[in-house]
Number of protein chains: 4
Amino acid sequence: MSSDALTVAEEAHEAVRSARNSVRTRQILRAAARLMARDGSDAVSMQALADEASVSVGLIYRYFGNKQDLLHAVIAEVLDDLAARVPAAIEAAGADPVRRLAGGFRAYCEAIADHRHAALLTYRESKALGVEASERLKKRETATVLPLLHTVEQGVAEGVFAAGVHAELVALDLVMLAHAWALKHWYFEAHYDLDTYIARQTAIGLGALIVPERRADYPDLLDIR
Amino acid sequence: MSSDALTVAEEAHEAVRSARNSVRTRQILRAAARLMARDGSDAVSMQALADEASVSVGLIYRYFGNKQDLLHAVIAEVLDDLAARVPAAIEAAGADPVRRLAGGFRAYCEAIADHRHAALLTYRESKALGVEASERLKKRETATVLPLLHTVEQGVAEGVFAAGVHAELVALDLVMLAHAWALKHWYFEAHYDLDTYIARQTAIGLGALIVPERRADYPDLLDIR
Amino acid sequence: MSSDALTVAEEAHEAVRSARNSVRTRQILRAAARLMARDGSDAVSMQALADEASVSVGLIYRYFGNKQDLLHAVIAEVLDDLAARVPAAIEAAGADPVRRLAGGFRAYCEAIADHRHAALLTYRESKALGVEASERLKKRETATVLPLLHTVEQGVAEGVFAAGVHAELVALDLVMLAHAWALKHWYFEAHYDLDTYIARQTAIGLGALIVPERRADYPDLLDIR
Amino acid sequence: MSSDALTVAEEAHEAVRSARNSVRTRQILRAAARLMARDGSDAVSMQALADEASVSVGLIYRYFGNKQDLLHAVIAEVLDDLAARVPAAIEAAGADPVRRLAGGFRAYCEAIADHRHAALLTYRESKALGVEASERLKKRETATVLPLLHTVEQGVAEGVFAAGVHAELVALDLVMLAHAWALKHWYFEAHYDLDTYIARQTAIGLGALIVPERRADYPDLLDIR
DNA sequence: CATGAATGAGCCTTCATTCAT
DNA sequence: TATGAATGAAGGCTCATTCAT
């Protein structure tokens, strides 16, 4: 009984601690994503991160061993989100490869837009991470292409996408164009909102893929005013 | 007489100095491009640059006011090259918008490949440059899109490119895919050589643009084995 | 009645607390002696001490006000041991000053050997302690020489030790040679065991003290093979 | 000719630089010896060292790679001095092993006294140095015993020192007593000056060594008032 | 009593920039 | 011109100490 009580107390204690942990982690991660992505991880001091997160410098080191680990965690979060949202969106789009691809591409773009600043870090901080960490992240990034790639291949198999197309490169290009929203945001923000951007890129991308005789089936995706 | 002699001597001196000047400049710029592009401008010390260029630190400050200016100069060189090579290639391709676009895209890719490391700096060092310098470079980068954009518009006007296509975005996408060679080089280098990359991207890009009834005219550009 | 009961309960409580107190104190002190002596007090963090003692950092501060006090307590323990063991050994050796001195020296060496690591702290941490604490410890250390000094003086008075010898310095030298076991342990450990060390140092020390005509009386102390 | 001139200029330049180098080195080394030895290397900040040496922090790092190297250099200087002065003093003392040993011991003590603070570092900073550096210094320290050891052995061979004595340990003890001047300086400074200290320790040490029938030959070394 | 999360001052080290030569 | 010694501000990180729970 008393041992049960103790266990319960301990569990409660553990729960409190782990909850606080995750709050802190999120707090710091968010601040780091914001500042590092905006200015580059080198340009942001740990003091600045601490200030932005409203914690002390020392505390950051309790949750993330060093600056590198923090950077790694920020990038990993984006990849986690991509890995979750893109496949889900594809499934949610039904059976038609065209709609699946459009859905997946939209999800990819939206995820990038949500983490716009952090997404840039991948391109900037290869050196700031260790080689191994860098390799691991590259592998994970490569993996985010696969859902789109499989959908393209499905479309080719079903005859709705042109057979001659290089499926892998098309998938990579779509990913690249999603990233472009972050990479060239300074340009796009003055000319498009995200929805317009996605719609137009979808039209261009599907235009390169769908065989002529099936284009009439997707006026909503292909006809942009 | 003596004044003439002096003038001559002075001119000679000027010439020598200017020659040496430009030699020094080039020497330093090349070293900076190499090191900064490889490791990021933050990660390279002025001492390392001086060593690589076989000059003293102090001398770098004589030719470039500070590290920022040096970085700026490195990036500007890439843009200079693009501004020179892409329009030239378009002109060299003749009158057909399809061939002009393919030529321009190829030139863009090749220029990026030639400065692969330095091209990345644009994406990495927005903060390391001042805001104004950054703006100036962005404008110049935007300008590199124009030759391709005009070619797309020409193609639309001539009816070989689909009218519904958003010309500006297509041009930007092509530029983006050229940059992708540098941005994702860690991936592409294991899968494609530059020529294959250009050929396949050209096929995809033109596939999205050329109207169905004209595709048969460009089997060399559209049919990839 | 109830007040009596309370008193009893309080006493029990006090006893428990005090017992736990001393257990805790010993626990922490032992851990501190081990780690500080091995690595130097600067090199050991309070967290490491807490871990080694299986308590929390906060608890250390309840028993020892701060790191300095803890260091002080560790050193004081060695001096306590010396103050207890050396006089006891001298008394246990009987009336002969020669045997008393040999016994005291042996006890001194053995005590140092038992606290070899901690004994070094005296020489390393003068600054880490406050000035006053440092002075206090120095006085106590000086006091550990007295039993040996008195024994030397007794020997001189009894005519077994040479009159011309500087008694105080001889006593200090003996203490120094005892400390040497700790100070130069990296050297001695490869060449002598503690017993051999003591025997040989005793022979040398007594050789400098005993008058020639009495040497034959102590073949066991003076003749080393 | 002009090449000769150049060489001369270069040599002059080199000479100036190397002179300045050695001045700086000495300047920093002296400051480091002073502060590190007094307070322990951990307790002294690089800023404090820089201030004491009247140079900037950065400059220290030009001459000594890091704090560890600086500490190493400080200790090495003491050992250098010992390695030079002790053998020289022994040779200068003539052929008699007794006078040679006395001379060597005096030189050892004087060298320690000259570097009193720095000599302490050996005992305090084994951890602050790397393991290899520490080993190297220990070997060099061991080597400083050899001149005294050889002199003791010579004395035994010539019959002036007792045959039964453990020569190696005696030599080590003498070294230890020399170090004691630094280790226990807080005590000795109130009781002896260096000359008195040396004289008395010499009397004690030789008292333990010289055979009874030869003692009358060295009244100046053995008779202390 | 006991815990350990949180703080922030301070340390070692690097490096852009200057300037005497 | 050209050099590189010298400077010192700033950054990453540690850890003694405190305090809410």
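Chain naming here is simple, since letters A, B, ... match the order of the sequence lines and numbering starts at 1 in each.
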Check your understanding: Rounded to the Å, how far apart are C:Lys67 NZ and F:dT17 C1'?
Key -> 12 Å
Practice item. Find the distance B:Gln68:CD to E:dC15:P and express it as a whole number of Å. Key: 18 Å
Point to revise | Among C:Arg34, C:Gln47, C:Arg30, C:Gln27, side chain to side chain donor-acceptor pair (under 3.5 Å) partner for C:Glu52 | key: C:Arg34
Study note, to complete from the structure: Taken to the nearest whole Å, CE/C:Met46 to C1'/E:dT3 is 14 Å
Practice item. Specify the residue among D:Arg24 and C:Gly58 whose closest nucleotide of DNA chain F lies further upstream toward the 5′ end. Key: D:Arg24
Practice item. Can you tell me the distance, in whole Å, between the CG atom of C:Leu71 and the P atom of F:dA16? Key: 12 Å
Exercise for review: Return the 5'-most residue of the pair B:Val57, C:Val55 with respect to DNA chain E, ranking by each residue's nearest nucleotide.
Suggested key: C:Val55
Review point. Out of E:dA16, F:dT17, F:dG12, which has the shortest distance to the side chain of A:Tyr61?
Key: F:dG12
Review point. Are B:Ser45 and E:dC15 close enough that a side-chain N or O sits under 4.0 Å from OP1 or OP2?
Key: no
Exercise for review: Take atom CG of D:Leu59 and atom C1' of E:dC12, then tell me their distance rounded to the nearest Å.
Suggested key: 16 Å
**Study point:** Angle of first-five versus last-five pair axes in the helix from E:dA2-F:dT21 to E:dT21-F:dA2, to 10 degrees
**Key:** 0°
Review point. Can you check whether A:Ser45's main-chain N or O pairs, donor with acceptor, with A:Lys67's side chain at less than 3.5 Å?
Key: no
Review point. Sub-3.5 Å donor-acceptor pair from the side chain of D:Arg124 to the main-chain atoms of D:Ala37, do we have one?
Key: yes
Practice item. With rounding to the nearest 0.5 Å, note down the distance linking CD1 in C:Ile75 to CG in C:Leu137. Key: 5.5 Å
Check your understanding: Does D:Arg62 make a side-chain N or O approach to OP1 or OP2 of F:dG4 shorter than 4.0 Å?
Key -> no
Check your understanding: Rounding to a whole Å, what distance do you find between D:Asn66:CG and E:dT13:P?
Key -> 5 Å
**Study point:** CG on C:Leu70 to CD on C:Gln68, rounded to 0.5 Å
**Key:** 11.0 Å
Review point. Could you state the interatomic distance from CG (A:Leu71) to CG (A:Asp42), rounded to the nearest 0.5 Å?
Key: 9.0 Å
Exercise for review: Round to a whole Å and report the spacing from CD of D:Gln47 to C1' of F:dG8.
Suggested key: 8 Å
**Study point:** Between C1' of E:dC15 and CG of B:Leu35, the distance in whole Å
**Key:** 15 Å
**Study point:** Phosphate-side-chain proximity, B:Tyr63 and F:dA2, N/O vs OP1/OP2 below 4.0 Å
**Key:** yes
Practice item. Any chance you could measure D:Phe64, atom CZ, to D:Leu59, atom CG, to the nearest 0.5 Å? Key: 10.0 Å
Exercise for review: Please tell me which of A:Val44 and D:Ser54 maps to the more 5' nucleotide of DNA chain F, matching each residue to the nucleotide holding its nearest heavy atom.
Suggested key: D:Ser54
